[in-house]
**Q** 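My structure is below; once you've seen it, I'll send some questions.
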2 protein chains.
Amino acid sequence: MTQTPAKKPSRIQQRNRRAILDAALDVFSRHGYRGTTLDQIAEAAGLSKPNLLYYFEGKEDIHVTLLSQLMDTWLDPLVEMNPDGDPVSEIMAYVHRKLAMAKDLPRESRLFAGEILQGAPRIGPELQGHLKPLFDEKCALITTWVEQGRLPPLDPRHLIFSIWATTQHYADFERQVSLLMGEDEDTYASAAPHLDTMFRKMLGG
Amino acid sequence: MTQTPAKKPSRIQQRNRRAILDAALDVFSRHGYRGTTLDQIAEAAGLSKPNLLYYFEGKEDIHVTLLSQLMDTWLDPLVEMNPDGDPVSEIMAYVHRKLAMAKDLPRESRLFAGEILQGAPRIGPELQGHLKPLFDEKCALITTWVEQGRLPPLDPRHLIFSIWATTQHYADFERQVSLLMGEDEDTYASAAPHLDTMFRKMLGG
DNA sequence: TCGTGGATTTACCAAATGGTAAAATTTACC
DNA sequence: GGTAAATTTTACCATTTGGTAAATCCACGA
């Protein structure tokens, strides 16, 4: 057995690993993987660079750890879509959960966007392993809803893509959005009813 | 006057500048600004690195030149939206032009996406100067259409955001999309009717 | 064909960057 | 309080990378 013993981490370990990951999320999401330096992360975390590397094996290790940990949070809104609920309500609730996520976790959204944009070089397998099965499952669910006549005919895959695209847009392209909307306006407050109307009409029949 | 004389470029100048910009578009769109090296661009363009720098002042110069040249192409579909046409037809035509653009120019789409994602550090002014006025103009147009009762009440800004998001999604997140749809399937062929239905219902009243 | 200016290569360089070795310091536990 | 382990710092290093200087090559018009 070549398994790490994995003793429980000390208080210091916990605190510093958290600080590093939070700092790294901040920097990675703003500058991308290659645009981020270990020095930047170290400074943001309040540690020295060699001290970073005491907690993580290297830059890539930090990045992959972040992405992996985020994956669950990220997929959670979709997981919660309930097969026993009302189709329209379930999908609309999903839309609003996803929009709330873009609002509350914009750094996470941008981190993922950057990774996918560049071809998912470091989380491709994770996508295959976690996202794909969940996606297929929910597509099948929506398809049965359509077959039961509880939703109008539609392609569940593109529906989901549209939900992802429209909600994450506000986080991923925040710069552009705020530039066009005006800095002070509450973008999400007006986006919610718009998306609600749009998808409700789409599902209404 | 401190203006460059700007004699007409020689045949070699034209050929090489084109080759460099095309190579740079390829590499920048795949690896982002910081993830791209001059050596990569040089190799892709079939030139030596110092030779690159004979044609451009530096890495940033290449990047900015690319983005600036692309801006016009990028905004063109929106420019074409005709105030004198039928509102629904005009907007739907815009949706399809934008989708075609994502299909035909995915590298350009990803180049822009990467730049915006990181806060538009190099084309912020260009966005302000070109995109913003056009956006405001078209928003005003759509608003008059709504006021004339030719469109249902809606927020033109979020409508445009939704169009951008859903169409560019297929280029920017191509990796994820192809992973979830299956590599061989013609994604755009099935995306077109989906988006057509969705936005038509949105505009239908 | 010859000379000139444009184009290209060769040989570099300084700074940035990911990472390491080992000494020094702190912490936890007896 | 002492000691062993965990943590942090100091001092480095090799590679990568954007960029430059100067020599060389070459196309083209007179």
Side-chain angles (χ1 to χ4, degrees), chain A residues 4-67 111 114-115 118 121-122, chain B residues 4-67 111 114-115 118 121-122:
Chain A
T4 317
K7 293 183 58 178
K8 73 174 177 184
S10 71
R11 220 156 43 308
I12 290 178
Q13 287 258 0
Q14 279 198 329
R15 173 171 51 83
N16 282 346
R17 280 186 67 99
R18 272 186 173 282
I20 291 168
L21 289 175
D22 189 68
L25 173 60
D26 219 75
V27 186
F28 277 134
S29 68
R30 279 190 290 117
H31 304 294
Y33 181 75
R34 289 288 304 268
T36 295
T37 71
L38 287 179
D39 289 291
Q40 283 176 298
I41 300 175
E43 192 191 332
L47 298 173
S48 68
K49 182 169 63 174
N51 204 7
L52 272 198
L53 296 165
Y54 173 75
Y55 291 101
F56 289 91
E57 299 200 358
K59 188 180 177 181
E60 185 163 339
D61 184 26
I62 300 177
H63 196 245
V64 170
T65 300
L66 262 183
L67 287 169
L111 184 76
E115 174 72 5
Q118 296 188 1
R122 282 170 288 276
Chain B
T4 316
K7 291 184 58 177
K8 73 174 178 184
S10 71
R11 222 161 31 316
I12 290 178
Q13 286 257 359
Q14 278 198 329
R15 173 171 51 82
N16 282 346
R17 279 186 69 99
R18 272 187 173 283
I20 291 168
L21 288 176
D22 189 68
L25 172 59
D26 218 76
V27 186
F28 277 135
S29 69
R30 278 191 290 116
H31 303 293
Y33 180 74
R34 287 289 304 269
T36 295
T37 71
L38 287 180
D39 289 290
Q40 284 176 296
I41 300 175
E43 192 191 332
L47 299 172
S48 67
K49 183 169 61 173
N51 205 7
L52 271 199
L53 296 165
Y54 174 74
Y55 290 100
F56 289 92
E57 299 200 358
K59 186 180 178 180
E60 185 163 339
D61 184 26
I62 300 177
H63 196 244
V64 170
T65 300
L66 262 183
L67 288 168
L111 184 75
E115 173 71 6
Q118 296 187 1
R122 281 170 290 277

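Not measured: the values here are computed from a predicted model. We use all heavy atoms of the structure for the numbers below, so side chains are in, but hydrogens, waters and symmetry mates are not.
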**Q** What N/O pairs connect the protein and nucleotides 16-18 of chain C at under 3.5 Å? Give each pair on its own line.
**A**
| unit_1 | atom_1 | unit_2 | atom_2 | d |
| --- | --- | --- | --- | --- |
| dT17(C) | OP1 | Arg34(B) | NH2 | 3.2 |
| dG18(C) | OP1 | Thr36(A) | O | 3.2 |
| dG18(C) | OP1 | Lys59(A) | NZ | 3.0 |
| dG18(C) | OP2 | Leu38(A) | N | 2.8 |
| dG18(C) | N7 | Lys49(A) | NZ | 2.9 |

**Q** Partner of dA24(C) by Watson-Crick or G-U wobble geometry, both contacts under 3.5 Å, or none?
**A**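 Here dA24(C) is engaged in a pair, and the nucleotide opposite it is dT7(D).
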**Q** In terms of side-chain heavy atoms, does His63(A) have a donor or acceptor partner in Arg122(A) at a distance below 3.5 Å?
**A**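 Yes, because at least one side-chain N or O of His63(A) sits under 3.5 Å from a partner of the opposite role on Arg122(A).
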**Q** OP1, OP2 of dA6(D) versus side-chain N and O of Gln13(A): anything below 4.0 Å?
**A**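 No, Gln13(A) has no side-chain N/O under 4.0 Å of OP1/OP2 on dA6(D).
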**Q** What is the distance, to the nearest angstrom, from the CD atom on Glu60(A) to the P atom on dG19(C)?
**A**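 Going from Glu60(A) (CD) to dG19(C) (P), I get 9 Å.
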**Q** Can you tell me how far the CZ atom of Arg17(B) sits from the CZ atom of Arg15(B), to the nearest 0.5 Å?
**A**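 These two atoms lie 14.0 Å from each other.
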**Q** In Å and rounded to the nearest 0.5 Å, what is the CD1 to CG distance from Ile20(A) to Leu25(A)?
**A**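 With rounding to 0.5 Å, CD1 (Ile20(A)) is 13.5 Å from CG (Leu25(A)).
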**Q** Is there a side-chain contact between Ser48(A) and the phosphate of dT8(D), meaning an N or O under 4.0 Å from OP1 or OP2?
**A**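 For Ser48(A), the contact criterion (side-chain N or O under 4.0 Å from OP1 or OP2 of dT8(D)) is not met.
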**Q** Can you tell me if Tyr54(B) touches the phosphate of dT8(C), counting only side-chain N or O atoms and a distance under 4.0 Å to OP1 or OP2?
**A**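 So the side chain of Tyr54(B) is outside the cut-off, no N or O lying under 4.0 Å from OP1 or OP2 of dT8(C).
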**Q** Describe the nucleic acid contact of Tyr55(B) in one word from base, sugar-phosphate, nothing, applying a heavy-atom distance below 4.0 Å.
**A**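 Sugar-phosphate: the residue Tyr55(B), judged by heavy atoms under 4.0 Å, touches backbone atoms but no base.
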**Q** Starting the side chain at C-beta, find the nucleotide from dT8(C), dT8(D), dA21(D) nearest to Asn51(A).
**A**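 Closest of the options to the side chain of Asn51(A): dT8(D).
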**Q** Are Leu47(B) and Tyr54(B) side-chain neighbours, meaning at least one heavy-atom pair lies under 4.5 Å?
**A**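 Answer no - side chains too far apart.
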**Q** Between OH of Tyr55(A) and CD1 of Ile62(A), what distance do you get to the nearest 0.5 Å?
**A**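 One finds 12.5 Å between OH of Tyr55(A) and CD1 of Ile62(A).
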**Q** How close or far is atom C1' of dT26(C) from atom CG of Leu47(A), stated in whole angstroms?
**A**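 Rounding to the nearest Å, CG of Leu47(A) and C1' of dT26(C) are 15 Å apart.
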**Q** Find the distance Leu52(A):CG to dT20(C):C1' and express it as a whole number of Å.
**A**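 Going from CG in Leu52(A) over to C1' in dT20(C) covers 14 Å.
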**Q** Rounded to the nearest angstrom, tell me the gap between atom CZ in Arg15(A) and atom C1' in dT7(D).
**A**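 It works out to 10 Å between those atoms.
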**Q** Answer whether the closest heavy-atom distance between the side chains of Tyr33(B) and His31(A) falls below 4.5 Å.
**A**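 Tyr33(B) does not reach His31(A) side chain to side chain.
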